[in-house]
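For reference, the structure is listed below as structure tokens.
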Amino acid sequence: MKKTAVVGMSGGVDSSVAAYLLKQQGYNVIGLYMLNWEETDSRGACSADADFADVQRVCALLDIPYYSVNFAKQYTERVFSYFLAEYKAGRTPNPDVLCNREIKFGPFRDYALSMGADFVATGHYCGIEHTSDGRHLLLKAADAGKDQTYFLNQVRESQLENVLFPLAEIPKPEVRKIAVQNGLATAGKKDSTGICFIGERNFRKFLQGYLPAQPGKIVTADGETVGEHIGLMYYTIGQRRGLDLGGRRGEDGRWFVVRKDLQNNILYVSHGDESPLYSEACIVSGLNWIGHMPATSFKCTAKFRYRQSEQSVSVKLKGDTARVEFDESQRAVTEGQYAVFYSGRQCIGGGVIEKVVY
RNA sequence: UGGGGUGUCGCCAAGCGGUAAGGCACGGGAUUUUGAUUCCCGCAUUCGUAGGUUCGAAUCCUGCCACCCCAG
């Protein structure tokens, strides 16, 4: 009896190839497209329509049925509201991390299972191991450059039951090749970037549509006012562009955002000297562990933002939070982002960076 | 309105008679399922202004203007 796998299809190459591979492997495959953000562009067109059209083309070619679901309401309530609240609080949120826990491996997975699926699959670059004793381990993708476990660190282990990640062992170039060789309509599509489901767009203009901007002073550590910012939420720690600050007499170097003072609406910057950006530890909350019950104190590797290599750290659990000490000081660790822990090829979980210790 | 100094891209800043370095900012692109970082490309026919000397000046001379400092 063939097992049924419902594949979350975005209209991109990755999920298209994931569907193709499952079909090859003998699954009874169903494509499920998900709409989470309803917005039309200036010309009244909706890029989501084009994406769904691609899903239709790919599914037609693979000769598999396809459906579409709308979780826009859930997305707004569970992800976007958090996104705005975090910015309002002066932090730098990572909506895509929550999108996975709250939507893709939440309502979406439930919906897929309700369709009679034995398995739910996505085009994520990561691996999974369902152990004989009933655990579900999240593994890094073979293609280290594309690994997306960072975005899955908040997914509950129970949400990984019945999940398949067909791209676990396949390098991105190979994925593209498979798409081309099989004539998938999405073969030449550019990798999507930007907030998942919302897409690439002018970040400032986008936020302006939701949160009022409050201009204020840009100040150095010495207390010297050197410029004006357009609203604290538009800046993140370690940022250099967009400050509109030029050179100074007798010094050279670039300006970096070092701190935000929400109370007084002040943006603190440093010129040339990046040492204020380096920290020694951070406090993490909202801990989630996957396939791993940690000891109260242990060593492992960790990432503090998506595009970063793993760093050696010591973790000390304390109630609901953890103190993560860095073997080497880290640049621009930012509140609101996630600290994600790894042990070998396993992603063992993560949590929100609540406070940075300098 | 005595003396001295300075005026080169939005901000710093080279240049010192031979036909406008560089950095920052900014713009564009690459990378990227957050926001950043990083990387690449672009960015003064013109040197406060008006004349003069010269084959040729941002560079020399003169007037004017502006700003700064010291004296009054």
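Chain A is the first sequence line, chain B the second, and so forth, proteins listed ahead of strands; every chain is numbered from 1.
- As judged by a 4.0 angstrom heavy-atom cut-off over every strand, A/Gln337 is placed among the base-contacting residues.
- Aromatic rings of A/Phe80 and A/Tyr210 (six-membered ring for Trp) have centroids within the 6.0 Å cut-off, being under it.
- Smallest separation of non-hydrogen atoms from A/Tyr82 and A/Tyr338: OH-OH, 3.8 Å.
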Protein and nucleotides 21-24 of chain B: nitrogen or oxygen contacts under 3.5 angstrom:
| residue | atom | partner | partner atom | Å |
| --- | --- | --- | --- | --- |
| B/rG23 | N2 | A/Gly247 | N | 3.4 |
| B/rC24 | OP1 | A/Arg254 | NE | 3.2 |
| B/rC24 | OP1 | A/Arg254 | NH2 | 3.3 |
| B/rC24 | O2' | A/Leu245 | O | 3.1 |

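- Residue A/Glu335 contributes atom CD, which lies 16 Å from atom C1' of B/rU34 at whole-angstrom precision.
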Which atoms of nucleotides 27-30 of chain B (N or O only) lie under 3.5 Å from a protein N or O atom, and what are those distances?
none

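- The heavy-atom pair separating A/His136 from A/His130 by the smallest distance is ND1-ND1, 2.8 Å.
- Note: A/Ser312 OG to A/Tyr342 OH = 14.0 Å, rounded to the nearest 0.5 Å.
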Residue pair A/Arg91, A/Glu86: steps toward the salt bridge (Lys or Arg N to Asp or Glu O under 4.0 Å) verdict = CA-CA 5 Å; A/Arg91 315 215 304 178; A/Glu86 286 285 279; 3.0 Å; yes
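- Here the separation of B/rU54 from B/rA14, taken at their P atoms, is 32 Å to the nearest Å.
- Here, B/rG35 and B/rG10 have their P atoms 32 Å apart, quoted to the whole Å.
- As rounded to the nearest Å, B/rU45 and B/rC39 have C1' atoms that lie 31 Å from one another.
- The closest side-chain heavy-atom distance from A/Leu232 to A/Tyr87 is not below 4.5 Å.
- A/Val13 and A/Ala179 get closest at one heavy-atom pair: CG1-CB, 3.7 Å.
- Taking atom NE2 of residue A/His124 and atom P of nucleotide B/rU33, one finds them 11 Å apart after rounding to whole Å.
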Name the atoms and distances for all side-chain donor-acceptor pairs under 3.5 Å in residues 56-67 of chain A, with sequence neighbours left out.
| residue | atom | partner | partner atom | Å |
| --- | --- | --- | --- | --- |
| A/Arg57 | NE | A/Asp54 | OD1 | 3.4 |
| A/Arg57 | NH2 | A/Asp54 | OD1 | 2.9 |

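- Nucleotides B/rA25 and B/rU37 are separated by 10 Å at their P atoms, to the nearest Å.
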